[in-house]
Amino acid sequence: MAVGSVQITGTGELIELSRRLKQAGGPRLKANFSRRIRRAAEPMYNDAKNAIRTVSINAPGRKQGSRGGASPTSRPLRATIADAVRLSVRTGANPGARMWVDKSRLPSDLRNMASVINEGRIRHPVFGNRRRWVTQWASPPWWDTTVNRHKPRMRAEVQRVLSDVRRTIT
């Protein structure tokens, strides 16, 4: 699974419930519905941000006689990606929760880095030197692991919210 967006929806049930919310008069009911869906999605959102911050990225050791040095960039890679993870809750035509990496919040040279780290193999030039490349390995796949761990709980939570709101409406 590539890093993209994950949507937790009950599709038909959520759409029908959203229509009933509008008919039932509900700004208060709609706000409660949104708040509960967001609250159900926040643990997955927080875990995804924490997972990218703590993912292990390993490189082969330096060869004999190699010089080292500080990184030519001052931005922290993992924190930059973690700050780009977003969560949104919708109650309109396509209701549900959506979590994604907002590429517009990443520098142009890091737009695909969330997917690259998730795949596990990071190949890049050494300190920008395009004649010398290195491969680094990231483990575990931060996005897939986090999303798969939270999917069953999220589906159960959404079903619970749906049944509670349905009970309120009818």
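Since we're looking at a predicted model, the values are computed, not measured. We're numbering straight along the sequence, starting at 1. Hydrogens, waters and symmetry mates are skipped; everything else that's a heavy atom, side chains included, is used.
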Answer whether the closest heavy-atom distance between the side chains of [X] and [Y] falls below 4.5 Å.
X    : Y    : answer
R153 : P43  : yes
F33  : V89  : no
T146 : R149 : yes
M113 : L106 : no
V85  : M99  : yes

Backbone of D144 reached by a side-chain donor or acceptor of N148 within 3.5 Å: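 Yes: the side chain of N148 pairs with the backbone of D144.
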Without swapping roles, check the side chain of T145 against the backbone of W142 for a donor-acceptor pair under 3.5 Å.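 The answer is no, because no donor-acceptor pair under 3.5 Å joins these two groups.
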Which residues pass the side chain to side chain donor-acceptor pair (under 3.5 Å) test with R53, sequence neighbours left out?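 D83.
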Set of residues satisfying salt bridge (charged side-chain N to carboxylate O under 4.0 Å, His left out) with respect to R35, sequence neighbours excluded: none
Does R123 have any side chain to side chain contact (heavy atoms under 4.5 Å, CB included) partners at least two apart in sequence or in another chain, and if so, which? R121, W133, T135
Suppose we screen for side chain to side chain contact (heavy atoms under 4.5 Å, CB included). Which residues come up paired with R78, at least two apart in sequence or across chains? V55, I57
Could you state the interatomic distance from [atom1] ([X]) to [atom2] ([Y]), rounded to the nearest 0.5 Å?
X    : Y    : atom1 : atom2 : answer
S34  : R38  : OG    : CZ    : 8.5 Å
S139 : I117 : OG    : CD1   : 11.5 Å
I81  : W143 : CD1   : CH2   : 11.5 Å
H124 : R132 : NE2   : CZ    : 12.0 Å

Among residues two or more places apart or on two chains, list those pairs meeting salt bridge (charged side-chain N to carboxylate O under 4.0 Å, His left out) that have a residue in residues 104-118. R75-D109
Shortest non-hydrogen separation from I37 to A97 and the atoms involved: CG2-CB, 3.8 Å
For A40 and M154, which heavy atoms make the closest approach, and how far apart are they? O-SD, 2.9 Å
Check the pair L110, K103 against side chain to side chain contact (heavy atoms under 4.5 Å, CB included), reporting the backbone distance first and the verdict last. CA-CA 8 Å; L110 296 180; K103 291 183 178 184; over 6 Å; no
Donor-acceptor pairs are to be reported for all side-chain atoms of residues 44-52 against protein atoms at under 3.5 Å, with residues two or more places apart or in another chain.
unit_1	atom_1	unit_2	atom_2	d
Y45	OH	K49	NZ	3.4
N46	ND2	E42	O	3.3
D47	OD2	H150	NE2	2.6
K49	NZ	A82	O	3.3

With side chain to side chain contact (heavy atoms under 4.5 Å, CB included) as the criterion, how do W137 and S56 come out once you've worked through the C-alpha distance, each side chain's angles and the decisive distance to 0.1 Å? CA-CA 8 Å; W137 302 95; S56 173; over 6 Å; no
